[in-house]
2 protein chains.
Amino acid sequence: MFSERQQQIVETAIKIIAQRGIQNLTIKNIASEIGISEPALYRHFSSKLEILKAVITYFQIKMQPALEKLNRSINSLNKIESFIIEHLKIISQNQDFAKVIFSEANFQNEENLILKMNNMMNRSHKVLETVIQSGQKNNEIRTDINSLSLIRMIIGSMRLLVTQWSMSGMIFNLENEGKQLSDDIKKIIVVK
Amino acid sequence: MFSERQQQIVETAIKIIAQRGIQNLTIKNIASEIGISEPALYRHFSSKLEILKAVITYFQIKMQPALEKLNRSINSLNKIESFIIEHLKIISQNQDFAKVIFSEANFQNEENLILKMNNMMNRSHKVLETVIQSGQKNNEIRTDINSLSLIRMIIGSMRLLVTQWSMSGMIFNLENEGKQLSDDIKKIIVVK
DNA sequence: CACTGGTTAGTGAATACTAACTAAGATAAT
DNA sequence: ATTATCTTAGTTAGTATTCACTAACCAGTG
């Protein structure tokens with residue numbers, strides 16, 4: 001899908017956004033970070049917009065395993081734990097992701113990018129929704145709470161955790177803190 | 001604190017960020033939206049950075065009442081409900097806020113702005129933390145869940161709700177949806 | 001000898017900000 | 001009360017810099 005050079009460009013773009021903000025994502029900065037000239041970039045992407053689209057696609061590819069692994073659990077609560085832990089594992093292994101992935105606002109002014117970003121998010125939410133609803137049917141997850149609220153609490157707290165981790169300068173261990181959060185979420189949603 | 005013109009500039013800046021993204025927040029765009037010339041802006045703010053600082057201060061001022069009103073309740077659960085509802089009420093009355101206020105990434109490349117934004121957030125979290133901890137002492141809020149996790153679930157779900165509202169084009173009623181979320185949160189944290 | 005992936009040199013447009021000037025109103029001196 | 005001066009908030013016309021992107025050329029590889 002992406003050539004090696006294209007991958008390098010996308011990774012460099014993410015790095016620049018993470019470290020210096022989207023305002024500093026310029027063709028010149030990407031090129032000089034890689035060590036090639038500006039026009040050389042255009043041999044690999046036809047425009048800056050195409051690079052941004054590729055950034056989102058790259059996220060999608062990288063985060064995919066977090067959605068697949070949860071099928072290995074049968075129990076709904078374990079699936080939810082897996083959903084949380086696997087997402088956080090990938091993010092903590094790709095630290096630059098944290099500053100960029102949940103900042104929809106970064107891409108806000110390009111219709112295409114919003115759509116692409118929304119699709120990615122929605123896919124993720126849909127997976128969690130399915131897990132929750134089947135868990136409620138199986139009487140593993142309490143049914144006196146709206147499933148939409150549960151989704152918002154789970155994904156919302158995950159996202160906030162990542163934001164806090166990123167704003168703190170990655171000062172704490174994301175996976176450990178995620179395990180604690182996941183345990184607390186399980187306690188809260190389980191049928192007693 | 002802010003002159004009328006300064007207020008108008010700040011409000012226009014928020015409007016532009018909300019509608020066209022931070023990349024389109026230029027002195028020229030602010031000026032022409034207001035109907036004055038670019039240099040006239042510099043009579044009111046010494047630089048673009050000062051305008052962005054003022055944007056954050058403006059948020060702080062506007063959101064302040066949401067933190068004050070919760071003291072009118074005695075019950076901890078009601079305080080939490082008030083925390084959620086009052087925040088959402090202000091945001092739904094200032095729709096442009098939604099796209100900007102929770103996007104820390106927008107201000108990511110200026111040390112001063114990150115600090116200012118973090119302070120604002122932390123103040124808000126501290127208030128909620130106090131409520132939760134005193135609620136746990138009074139046996140109104142369950143103590144088998146880490147208070148930090150509770151904070152993350154409440155604020156995280158609130159933020160996600162606002163993000164979804166904003167990304168959907170404000171298609172649903174934020175306050176109603178917030179009431180539902182708040183009810184579900186109360187159910188989940190109350191001691192039974 | 002064509003293709004791939006580089007180069008140098010440049011373009012027009014946009015950006016934050018400045019210089020120099022001005023008209024209207026407030027304040028102060030006579 | 002009139003005149004002189006200062007301040008405020010605006011203007012037009014610029015500046016240097018940066019931006020995304022292009023033209024034209026070139027060296028190595030199959």
Side-chain angles (χ1 to χ4, degrees), chain A residues 1-58 100 105-114 116, chain B residues 1-58 100 105-114 116:
Chain A
M1 176 124 199
F2 290 138
S3 72
E4 271 184 43
R5 190 59 112 188
Q6 281 178 319
Q7 250 186 66
Q8 187 187 19
I9 291 169
V10 168
E11 283 163 12
T12 306
I14 293 171
K15 184 177 162 191
I16 290 172
I17 297 175
Q19 293 177 356
R20 296 192 263 159
I22 190 122
Q23 279 115 318
N24 284 301
L25 183 73
T26 64
I27 300 293
K28 187 182 188 153
N29 285 345
I30 301 174
S32 73
E33 181 89 18
I34 294 179
I36 57 177
S37 67
E38 293 181 58
L41 272 193
Y42 288 91
R43 298 284 176 204
H44 306 280
F45 287 101
S46 63
S47 71
K48 190 181 169 183
L49 182 60
E50 291 303 314
I51 297 177
L52 284 171
K53 281 187 196 165
V55 164
I56 299 177
T57 303
Y58 187 82
V100 188
N106 274 328
F107 306 115
Q108 171 173 98
N109 50 327
E110 262 298 337
E111 199 60 43
N112 288 327
L113 295 182
I114 312 172
K116 223 169 147 47
Chain B
M1 178 125 197
F2 290 138
S3 71
E4 270 183 44
R5 191 60 113 187
Q6 282 177 319
Q7 251 187 65
Q8 186 187 18
I9 292 168
V10 168
E11 282 162 13
T12 306
I14 293 171
K15 184 177 163 192
I16 290 172
I17 297 176
Q19 294 177 355
R20 296 191 263 160
I22 190 122
Q23 279 116 317
N24 284 301
L25 182 73
T26 64
I27 299 294
K28 189 184 188 148
N29 285 345
I30 301 174
S32 73
E33 182 88 19
I34 293 178
I36 57 177
S37 66
E38 293 181 58
L41 272 192
Y42 288 91
R43 298 285 174 204
H44 306 280
F45 287 100
S46 63
S47 70
K48 190 181 169 182
L49 182 60
E50 291 303 316
I51 297 177
L52 284 171
K53 282 188 197 165
V55 164
I56 299 178
T57 303
Y58 187 82
V100 188
N106 273 329
F107 306 115
Q108 171 172 99
N109 51 327
E110 262 299 336
E111 199 59 44
N112 289 327
L113 294 183
I114 311 173
K116 221 168 147 47

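On a predicted model such as this, the values are computed, not experimentally measured, just so you know. Each chain gets a letter, A, B and so on, in the order the sequences are listed, and its residues count up from 1.
Partners of A:K53 under the side chain to side chain contact (heavy atoms under 4.5 Å, CB included) rule, at least two apart in sequence or in another chain, are A:L49, A:E50, A:N112, A:L113, A:K116. Annotation: salt bridge (Lys or Arg N to Asp or Glu O under 4.0 Å) contacts of B:K48 (sequence neighbours excluded): none.
For the contact set between residues 40-55 of chain A and DNA chain C, defined by any heavy atom under 4.0 Å, the members are A:A40, A:R43, A:H44.
The two residues A:F2 and A:A54 make their nearest non-hydrogen contact at CZ-CB, 3.7 Å. Closest heavy-atom contact between B:A13 and B:V55: CB-CG2, 4.1 Å.
Chain A approaches DNA chain D over the interval D:dC19 to D:dC25, counting the first and last nucleotide 5' to 3' with an atom under 4.0 Å from its heavy atoms. Between chain A and DNA chain C, the heavy-atom contact criterion of under 4.0 Å yields a 5' to 3' nucleotide range of C:dG5 to C:dA9.
Two residues are said to be in side-chain contact when any heavy atoms from C-beta on lie closer than 4.5 Å; B:I51 and B:Q6 fail this criterion. Under the 4.5 Å side-chain criterion, counting only non-hydrogen atoms from C-beta, B:L25 is in contact with B:L52. Residues B:Q19 and B:N24 have side chains not in contact (no heavy-atom distance under 4.5 Å, counting atoms from C-beta outward).
Between A:P39 and A:N24, it is A:N24 whose nearest contact on DNA chain D lies nearer the 5' terminus.
Using a 4.0 Å heavy-atom distance criterion, B:L25 is classed as a sugar-phosphate-only contact. B:S37 comes within 4.0 angstrom of a base, heavy atoms only.
With rounding to the nearest 0.5 Å, the separation of CD1 in B:I36 from CZ in B:R43 is 11.0 Å. Atom CD1 in B:I30 sits 11.0 Å away from atom CD in B:Q8 (nearest 0.5 Å).
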Task: side-chain contact (heavy atoms from CB on, under 4.5 Å) between B:I9 and B:T12, intermediate numbers included - done: CA-CA 5 Å; B:I9 292 168; B:T12 306; 5.7 Å; no
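Here A:K28 does not pair with A:E33 in a salt bridge; the nearest charged N to carboxylate O distance is not below 4.0 Å.
B:Q7 and B:Y58 share no donor-acceptor pair across their side chains, judged by distance under 3.5 Å alone.
With hydrogens and angles ignored, the 3.5 Å screen pairs a side-chain donor or acceptor of A:T26 with a backbone N or O of A:N29.
Summary of helix geometry: the two end axes of the helix from C:dC1-D:dG30 to C:dT30-D:dA1, each defined by five base pairs via their C1' atoms, are inclined to each other by 10° (rounded to 10°).
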